[in-house]
**Q** 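Sharing a structure with you now.
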Protein chains: 2
Amino acid sequence: MKVTIREVAIKAGVSPITVSRALNSPDLVRPDTRAKIEKAVTELRYRPNPVAQGLRSGKTRVVLLVVKHKRTYDPLLFEFALGVSDTFQQNNYSLLIHLTPDGSVSVDDVTGRADGVILTDIEENDPRIEKLARHVPVAIFGESTLAVSQVDIDDAWGARLATEHLLSLGCQDIVMVAGDGRALYMKHRIRGYIEAFTEAGGNPTIAYGSLDLIGGETAIRSFGRIPEAIFCASDGMAVGVLRNLTSLGIRIPIVGCDGLQLGEMTTPTLTSIKLPFYEAGQKLAEAILDGIQGKEPVNIRIRPDLVIRESTHYWEGRTSRCDSSRNEAASPTLT
Amino acid sequence: MKVTIREVAIKAGVSPITVSRALNSPDLVRPDTRAKIEKAVTELRYRPNPVAQGLRSGKTRVVLLVVKHKRTYDPLLFEFALGVSDTFQQNNYSLLIHLTPDGSVSVDDVTGRADGVILTDIEENDPRIEKLARHVPVAIFGESTLAVSQVDIDDAWGARLATEHLLSLGCQDIVMVAGDGRALYMKHRIRGYIEAFTEAGGNPTIAYGSLDLIGGETAIRSFGRIPEAIFCASDGMAVGVLRNLTSLGIRIPIVGCDGLQLGEMTTPTLTSIKLPFYEAGQKLAEAILDGIQGKEPVNIRIRPDLVIRESTHYWEGRTSRCDSSRNEAASPTLT
DNA sequence: CTGAAAGCGCTAACAT
DNA sequence: ATGTTAGCGCTTTCAG
């Protein structure tokens with residue numbers, strides 16, 4: 001049933017080791033012997049046994065991806081996983097998933113099973129990092145002061161991009177609708193807005209709310225005025241803001257954050273900061289692969305892009321400062 | 001660095017095989033020797049090497065889960081994966097993920113890497129099933145006439161549940177808003193509705209549309225009348241229907257399908273057919289584990305549950321038939 | 001350029 | 001109850 005290197009060797013009239021060489025370092029084998037071996041390999045449908053290779057080499061060609069289960073699933077996480085997966089497939093690595101409610105992993109989940117670990121949902125001073133990094137290369141999606149490979153999305157930059165875009169439209173009274181600043185990435189977004197707006201001479205104003213549509217719908221009320229433009233810390237919030245304002249017959253430039261498909265389905269469609277989760281997955285996969293090969297840890301911050309859609313496009317090219325122009329915009333619709 | 005069974009044996013003053021036995025079949029080892037061994041194990045922090053065990057046993061204690069990447073991510077898939085993952089962790093199995101745009105897998109992705117495969121996104125006469133099943137135990141999330149383990153959600157039953165619920169409210173003119181019937185599960189939902197409604201003497205009417213909010217908003221127009229009740233083939237559609245009708249000031253019983261969190265966030269909250277994806281994941285994991293142990297394939301259909309919320313609760317207990325009562329319901333809101 | 005020996009870490013089968 | 005032998009399938013020495 002299972003053909004081993006031995007059968008191939010016999011069929012090709014050589015020794016097993018020559019077969020191994022023909023497969024791993026073809027240059028060390030004379031072309032004609034190699035041809036015989038390749039013939040035997042295809043005829044017998046020989047495939048090297050990864051487990052045996054693993055035992056020999058001490059490598060599994062597997063990486064463990066640790067994911068925390070969230071009740072409200074984040075579609076971006078799926079993009080991320082795809083980026084990781086694609087990169088691994090290109091490198092003949094496999095992806096082992098460790099899915100737990102709290103993201104916990106033990107060293108035993110890794111040693112002997114995987115050559116490295118990718119950690120997601122990193123918290124400040126995340127205890128898992130040091131624990132694992134003593135035994136196996138670690139790469140994290142997030143940030144840490146420890147000497148492990150880390151890839152993160154530059155949220156502050158994204159917020160700056162959004163703010164500067166609104167500034168470029170001539171808006172001077174730009175407010176932000178944010179989530180509570182417990183999560184690191186939210187702190188960065190808030191900081192990015194504050195820095196960019198302050199540099200432009202603005203006086204930052206922030207309302208806080210939940211990251212979903214409701215948060216947007218309600219948070220905006222707390223400003224006590226209609227600002228000239230709004231930067232929302234999530235697309236969900238932005239849709240809420242959009243809806244609320246539209247129901248009041250108000251239309252002002254709005255920028256969301258995430259770059260979800262959701263933003264293509266609203267009326268007007270939503271300008272947003274597109275977070276490069278797929279790319280982050282790729283980079284993280286490369287980072288851990290490098291780490292496995294003994295290279296030094298890398299520290300990568302990926303900058304998001306601004307995707308301009310209708311919610312701000314309307315004002316582009318105008319030189320005058322924004323006005324809270326009232327118009328008969330259709331009810332914003334999720335589609 | 002890496003402690004082997006040999007070191008433990010030396011430290012405990014026994015032979016390696018005795019250590020192995022103490023770990024795998026403790027009853028075959030005298031308690032005092034066992035104690036010595038256990039002491040050595042903990043002191044040296046010995047962990048058996050899974051790769052070596054794998055080579056010896058021919059088993060990897062890994063199962064491959066094949067998932068097709070969809071652009072619009074389905075949160076239910078995540079629930080499913082969690083069900084699989086939890087069950088595997090309880091059985092000391094690991095979960096290898098194969099994520100591809102089209103769901104393709106080759107035999108080489110499996111042999112030597114995993115003891116079995118779980119296939120998702122099954123199509124009619126899915127060619128992957130037979131190809132893989134010749135080499136390794138296969139369990140599918142879906143249905144097939146082949147002799148492989150299969151777990152599926154009884155969509156027809158769910159549709160029946162929804163229809164009968166609406167019937168029980170006294171409604172006689174119940175329509176369905178469905179997706180196009182290419183996917184098997186949609187065929188089942190449509191069939192379930194038709195059967196249940198026909199049995200009750202009704203005359204089935206179906207409108208088709210995309211599975212999202214837009215599909216619901218538009219599909220309902222095609223009826224040319226306001227029915228007494230609506231069964232929607234997805235929660236997304238149901239929200240669209242809800243919104244459309246609410247904007248007309250109409251409120252009738254509506255049942256969705258999926259049981260997403262979305263349905264808890266609308267006004268009114270949405271009665272829905274809760275699809276047991278987590279349980280399906282568990283069952284599928286059990287099925288493949290059984291298959292690996294040589295047991296016969298199983299064929300399981302899991303019945304969804306009806307979750308009653310405000311979108312139909314309003315009418316419960318009424319004995320009269322439904323009327324398309326008009327009221328001043330608040331605009332249905334996604335939150 | 002090719003082969004023989006040896007062993008990665010673990011555990012059946014067969015002793016004792 | 002414990003140890004010896006041997007081998008899972010592959011590849012790194014070291015010889016030829």
Side-chain angles (χ1 to χ4, degrees), chain A residues 1-41 44-62 92 108 110-115 135-136, chain B residues 1-41 44-62 92 108 110-115 135-136:
Chain A
M1 204 60 237
K2 49 175 73 165
V3 312
T4 75
I5 204 169
R6 211 191 188 89
E7 280 88 82
V8 180
I10 293 170
K11 179 141 196 162
V14 296
S15 80
I17 181 61
T18 307
V19 177
S20 173
R21 269 197 281 257
L23 263 35
N24 298 314
S25 338
D27 346 342
L28 300 180
V29 176
R30 218 194 304 137
D32 55 325
T33 14
R34 204 196 313 163
K36 280 191 301 187
I37 291 170
E38 279 164 3
K39 187 160 163 286
V41 164
L44 295 175
R45 286 195 179 70
Y46 167 71
R47 296 283 173 260
N49 179 332
V51 178
Q53 289 179 317
L55 181 58
R56 199 63 261 265
S57 65
K59 296 288 176 204
T60 57
R61 295 196 81 81
V62 168
N92 290 307
D108 291 348
V110 188
T111 51
R113 287 173 217 285
D115 301 340
H135 299 269
V136 67
Chain B
M1 203 61 238
K2 50 175 72 167
V3 308
T4 75
I5 204 170
R6 210 190 189 88
E7 280 88 81
V8 180
I10 293 170
K11 178 143 198 163
V14 295
S15 80
I17 184 65
T18 307
V19 177
S20 173
R21 270 198 281 256
L23 262 36
N24 299 313
S25 336
D27 345 344
L28 299 181
V29 176
R30 216 194 305 136
D32 55 325
T33 16
R34 204 195 313 163
K36 279 190 301 185
I37 291 170
E38 279 163 2
K39 185 159 167 287
V41 163
L44 295 175
R45 285 195 179 72
Y46 167 72
R47 295 284 173 261
N49 179 334
V51 178
Q53 289 179 317
L55 182 59
R56 203 57 269 263
S57 64
K59 297 288 175 204
T60 57
R61 295 196 81 82
V62 168
N92 288 308
D108 292 348
V110 188
T111 52
R113 286 173 217 286
D115 300 340
H135 299 268
V136 67

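Lettering of chains follows the sequences in order, A, B, ..., and the numbering in each one begins at 1.
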**Q** Please name the pair of heavy atoms, one in A:A9 and one in A:P16, separated by the smallest distance, quoted to 0.1 Å.
**A**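 Distance-wise, the nearest heavy atoms are CB-N, 3.5 Å.
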
**Q** Find the distance B:R56:CZ to C:dT11:C1' and express it as a whole number of Å.
**A**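 In whole Å, C:dT11 C1' and B:R56 CZ are 5 Å from each other.
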
**Q** Let me know, please, whether B:G13 or A:S20 comes out on the 5' side of the other along DNA chain D by nearest nucleotide.
**A**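 So the residue in question is B:G13.
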
**Q** Nearest of D:dT12, C:dG9, C:dA13 to any side-chain atom of A:L55?
**A**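 From the listed options, C:dG9 comes nearest.
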
**Q** Is the shortest heavy-atom distance from the side chain of B:K36 to the side chain of B:D32 under 4.5 Å?
**A**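 The answer is no; the side chains never approach within 4.5 Å.
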
**Q** Report the distance from atom CZ of A:R21 to atom C1' of C:dA4, rounded to the nearest whole Å.
**A**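 Answer to the nearest Å: 11 Å.
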
**Q** Taking only N and O in the side chain of A:R30, is any of them less than 4.0 Å away from OP1 or OP2 of C:dT2?
**A**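 Answer is yes, contact under 4.0 Å.
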
**Q** Rounded to whole angstrom units, what separation is found between the CG atom of A:L28 and the C1' atom of D:dC14?
**A**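 Roughly 15 Å, once rounded to whole Å.
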
**Q** Select one nucleotide: of D:dG3, C:dG3, D:dT11, the one nearest the side-chain heavy atoms of A:S15.
**A**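 Nearest to the side chain of A:S15 among the choices is C:dG3.
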
**Q** From B:D108 CG over to B:R113 CZ, what is the distance, rounded to the nearest 0.5 angstrom?
**A**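 Separation between the atoms: 7.5 Å.
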
**Q** Could you tell me how far apart A:K59 (NZ) and C:dC8 (C1') are, to the nearest whole angstrom?
**A**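 Rounding to the nearest Å, NZ of A:K59 and C1' of C:dC8 are 14 Å apart.
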
**Q** Can you check whether A:V41 reaches A:I37 side chain to side chain, under 4.5 Å on heavy atoms?
**A**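 Result yes, sub-4.5 Å side-chain heavy-atom pair found.
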
**Q** Indicate, with a heavy-atom threshold strictly under 4.0 Å, whether A:V14 touches base, sugar-phosphate, or nothing.
**A**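 It contacts sugar-phosphate atoms only.
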
**Q** Any base atoms under 4.0 Å from B:S57, or only sugar-phosphate, or nothing? Heavy atoms, all strands.
**A**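 B:S57: no heavy atom of the nucleic acid under 4.0 Å.
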
**Q** If the cut-off is 4.0 Å, is A:T18 near the phosphate of C:dG3, judged by side-chain N/O to OP1 or OP2?
**A**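 Affirmative; the distance criterion is met.
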
**Q** Does B:N49 make a side-chain N or O approach to OP1 or OP2 of C:dC8 shorter than 4.0 Å?
**A**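 So the side chain of B:N49 is outside the cut-off, no N or O lying under 4.0 Å from OP1 or OP2 of C:dC8.
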
**Q** Once you round it to whole Å, what is the distance between P of C:dA12 and CD1 of B:I5?
**A**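 Atom-to-atom, B:I5 to C:dA12, this comes out as 11 Å.
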
**Q** OP1, OP2 of D:dG9 versus side-chain N and O of A:T4: anything below 4.0 Å?
**A**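 No, outside the criterion.
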
**Q** Please report the distance, rounded to the nearest Å, between CG in B:L23 and P in C:dA12.
**A**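 Distance, rounded to whole Å: 13 Å.
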
**Q** Could you check how far CZ of B:R34 sits from P of D:dA1, rounded to whole Å?
**A**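 Between P of D:dA1 and CZ of B:R34: 10 Å.
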
**Q** When you check the phosphate oxygens OP1 and OP2 of D:dA1, does a side-chain N or O of B:T33 lie under 4.0 Å from one of them?
**A**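 Answer is no, no contact under 4.0 Å.
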
**Q** Side chain of B:V29 only, please: which of D:dT2, C:dT11, D:dT12 is the nearest?
**A**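 Among the listed nucleotides, the one closest to the side chain of B:V29 is D:dT2.
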
**Q** Classify the side chain of B:R47 versus the base of C:dG9 as yes if they form a donor-acceptor pair under 3.5 Å and no if they do not.
**A**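 Looking at the base of C:dG9, it does not pair with any donor or acceptor on the side chain of B:R47 (distance under 3.5 Å).
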
**Q** What is the distance from atom CD of B:Q53 to atom CG of B:N24, rounded to the nearest 0.5 Å?
**A**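 Result: 6.5 Å between the selected atoms.
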
**Q** Please confirm whether the shortest side-chain N or O distance from A:Q53 to OP1 or OP2 of D:dG9 is below 4.0 Å.
**A**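 For D:dG9, neither OP1 nor OP2 has a side-chain N or O of A:Q53 closer than 4.0 Å.
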
**Q** Consider the side chain of B:K2, meaning its heavy atoms from C-beta on, and name the nucleotide among C:dG9, D:dG9, C:dT11 that approaches it most closely.
**A**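 In terms of side-chain proximity for B:K2, the closest of C:dG9, D:dG9, C:dT11 is C:dG9.
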
**Q** Would you name the heavy atoms of B:T4 and B:Y46 that are closest together and state the gap between them?
**A**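 Here B:T4 and B:Y46 meet closest at C-CE1, 3.5 Å.
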
**Q** Go nucleotide by nucleotide along DNA chain D from the 5' end; which of B:A52 and A:N24 gets its closest nucleotide reached first?
**A**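 On the 5' side of the pair lies B:A52.
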
**Q** Classify B:V51 by what it touches in the nucleic acid, base, sugar-phosphate, or nothing, heavy-atom distance under 4.0 Å.
**A**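 If one applies the 4.0 Å heavy-atom cut-off, B:V51 turns out to touch nothing in the nucleic acid.
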
**Q** Rounding to a whole Å, what distance do you find between A:I37:CD1 and C:dT2:C1'?
**A**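 Rounding to the nearest Å, CD1 of A:I37 and C1' of C:dT2 are 10 Å apart.
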
